[in-house]
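Sequence positions, counted from 1, serve as the residue numbers for this chain. Computation of the quantities below employed the complete heavy-atom set of this structure, encompassing side-chain atoms and omitting hydrogens, waters and symmetry-equivalent molecules. Start at 1 and go down the list; that is how both ligands and their atoms are numbered.
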Amino acid sequence: MFVPRSLKIKRHANGDGKSCVAKIIKSDPEDLQLDKSRDAPVDALVTEAATTPDRHSSESCPFPSPGGQLAEVHSVSPEQGVKDSHPSEEPVKSFSKTQRWAEPGEPVCVVCGRYGEYICDRTDEDVCSLECKAKHLLQVKEKEEKSKLSNPQKADSEPESPLNASYVYKEHPFILNLQEDQIENLKQQLGILVQGQEVTRPIIDFEHCSFPEVLNHNLKKSGYEVPTPIQMQMIPVGLLGRDILASADTGSGKTAAFLLPVIMRALFESKTPSALILTPTRELAIQIERQAKELMSGLPRMKTVLLVGGLPLPPQLYRLQQHVKVIIATPGRLLDIIKQSSVELCGIKIVVVDEDKKLFKPPVLVFVDCKLGADLLSEAVQKITGLKSISIHSEKSQIERKNILKGLLEGDYEVVVSTGVLGRGLDLISVRLVVNFDMPSSMDEYVHQVGRVGRLGQNGTAITFINNNSKRLFWDIAKRVKPTGSILPPQLLNSPYLHDQKRKEQQKDKQTQNDLVTGANLMDIIRKHDKSNSQK
Ligand code: AMP
């Protein structure tokens, strides 16, 4: 059986959409047989219960879950999804050469590297066509036979590589037998700092986790011989289902540190999805999914879905309905999907947004000094953060500007990048944060821009970037902003320009003071005047 990975928007040439769909979702008898065997568990672990979870049963997770932090989503079955909502699918491609190449971030066929449009249901791997599915299954079969030959005893005693129904992390005897001071010494040497109550001891080897053989094999294949320090401490804590807040340098192995507990939990969880990984950027999400797939390879029923902006939404929505175990998402796209479909995440109350009651996040208004800057910055914000962003400037028509303003007030945009056009007058009461990305050329303009927040007695925040281009305003800025209690950067306060301006202003004040006529200096002024007249 094939499960289409993406939805085709275009209709089938002969208009016989249903037969195409039937072709996609129809299972052949051989497939069904293999499906059953796939439900059989794989390798043995440290176990407690011994029942095999039913694929769609609502059996609870055998993991302890003090935080209850992992989520579940109920979704329609793959067949229902196809029949109900998308009756105009193209037939499954027969040959690899008729498939297109994958765009960046799209799934890739495990055989030929083209667009992995379908999921091979027997292995959960991405394939592009019937041809590659056949090749892929042949490769899998050959691999299985090879491993049977190299390990005949295991092949006889464990024909189905049973995976027991539960996994409970227990400290390995090697770790248990270490003295407390040995553990402390180890942590100190590795720079592991821990806070929290009864935090379990770190592992020293991946073997201490009693992972399934397949996972151990995948770790070795990825070159993970020994855990990194963050993995040593995080993995056992994660396997116990505890909440973790972790911090370590870039490139120190944080991704695998959280992925391994997530994978182990999802593996024994019968409901789908079992895990949601939220990341700030699309690039990071793609990277995490790639690593997750590497580690999950060969584990049964472990599908992933990427929910990220910048790629079409329908295929992602469809993929989400295919009993995926792990969701890797950016917040913006996840929110879009929650808005569109009724998603219930178990354990966590997720607001399903009704069109009339949009989740309202106050938009951010960013000011720049030129039209091109507004367009470029808006594009970059959208690309990098996934936030819905738009630019507004004098080159946009009145109608466009009106619509953008309406969208801004109604929460359609999370970021609006503007030139001075929005700087004055308008009551943008929904805006709570103004960013002066480019400092305006005058204090008057600056006051108007920051005045877009905090309207009608509401609190607001303004963040202003300054550099030497606005050095002539340094002292004025400091004078204006300091009384609000804001902390000004030392670079500004220590700037020679600021001190120069301050000194000049003080001299000017003194001069003005001298020029004023008061009771005290009146006689002096008269005498000076008389003296200069008599000299003439
Ligand atoms: P990360 O900090 O998660 O981005 O990981 C940085 C790199 O280290 C990635 O390329 C990982 O594949 C790799 N890596 C993670 N854990 C290990 C490990 N235990 N042994 C070797 N490489 C690892």
Side-chain angles (χ1 to χ4, degrees), residues 43 45 69-70 104-105 107-108 110 113 125-126 167 169 171-172 174-175 178 183 186-194 199-240 242-267 274-299 302-308 325-331 384-386:
D43 298 309
L45 298 170
Q69 69 274 45
L70 284 186
V108 171
V110 286
E125 293 289 2
D126 299 313
Y167 170 90
Y169 173 75
E171 266 176 359
H172 190 276
F174 177 83
I175 302 290
L178 292 173
I183 292 285
L186 176 84
K187 284 203 227 171
Q188 207 179 357
Q189 282 188 26
L190 295 171
I192 300 174
L193 287 172
V194 175
V199 179
T200 194
R201 292 175 162 194
I203 51 157
I204 295 169
D205 199 303
F206 286 121
E207 298 284 331
H208 296 155
C209 298
S210 304
F211 287 145
E213 266 320 304
V214 178
L215 187 49
N216 282 334
H217 170 80
N218 293 343
L219 282 167
K220 291 226 162 64
K221 210 168 129 199
S222 301
Y224 299 12
E225 292 295 335
V226 285
T228 63
I230 185 87
Q231 292 166 353
M232 289 180 178
Q233 186 61 75
M234 252 182 90
I235 292 170
V237 179
L239 288 172
L240 285 168
R242 290 190 63 173
D243 295 331
I244 306 172
L245 190 63
S247 144
D249 286 342
T250 314
S252 57
K254 286 189 293 267
T255 314
F258 72 75
L259 271 182
L260 285 162
V262 162
I263 291 171
M264 285 302 287
R265 181 160 190 141
L267 187 59
S274 334
L276 168 65
I277 298 170
L278 271 179
T279 91
T281 65
R282 179 171 75 137
E283 288 65 29
L284 201 54
I286 292 171
Q287 205 176 304
I288 293 171
E289 197 206 27
R290 195 179 307 131
Q291 207 168 332
K293 284 187 150 188
E294 257 176 45
L295 294 172
M296 289 171 175
S297 169
L299 289 171
M302 294 291 281
K303 289 183 199 140
T304 57
V305 62
L306 259 184
L307 306 179
V308 294
K325 276 287 179 74
V326 181
I327 301 173
I328 299 126
T330 48
I384 291 164
T385 63

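Among all non-hydrogen protein atoms, the one lying nearest atom 16 (N) of ligand 1 is Gln231 NE2, 2.7 Å. When hydrogens are left out, the protein atom nearest atom 2 (O) of ligand 1 is Gly253 N, 2.8 Å; that is the closest non-hydrogen contact. Nearest protein heavy-atom neighbour of atom 20 (N) of ligand 1: Tyr224 CA, 3.5 Å.
Distance alone, capped at 3.5 Å, is enough to place a donor-acceptor pair between the Ser222 side chain and the Asn218 backbone. Using modelled atom types, no side-chain atom of Arg242 and backbone atom of Thr200 make a donor-acceptor pair closer than 3.5 Å. Using a distance-only test at 3.5 Å, with no hydrogens or angles considered, no donor-acceptor pair links the side chain of Lys254 to the main chain of Ile230.
Between Thr330 and Leu278, the shortest heavy-atom contact is C-CD2, 4.2 Å. Across all their heavy atoms, Phe211 and Phe206 have their closest contact at CD1-O, 4.1 Å.
Between Glu225 and ligand 1, no pair of N/O atoms sits closer than 3.5 Å.
The Thr255 neighbourhood of ligand 1 comprises atoms 1 (P), 3 (O), 4 (O), with distances under 4.0 Å to a heavy atom of that residue. Those atoms of ligand 1 with a heavy atom of Val226 less than 4.0 angstrom away are 18 (C), 19 (N), 20 (N).
Applying the side-chain contact (heavy atoms from CB on, under 4.5 Å) criterion to Leu186, with sequence neighbours excluded, gives Leu190, Pro202, Ile204.
Of the candidates Gly251, Ala257, Gly223, Gly251 brings a heavy atom nearest to atom 6 (C) of ligand 1.
For residues 225-238, every residue pair satisfying the side chain to side chain donor-acceptor pair (under 3.5 Å) rule, not counting sequence neighbours, is listed here: Thr228-Gln231.
The backbone of Ser252, and not its side chain, has at least one atom closer than 4.0 Å to an atom of ligand 1 (non-hydrogen atoms only; backbone = N, CA, C, O).
The nearest protein heavy atom to atom 14 (N) of ligand 1 is closer than 4.0 Å.
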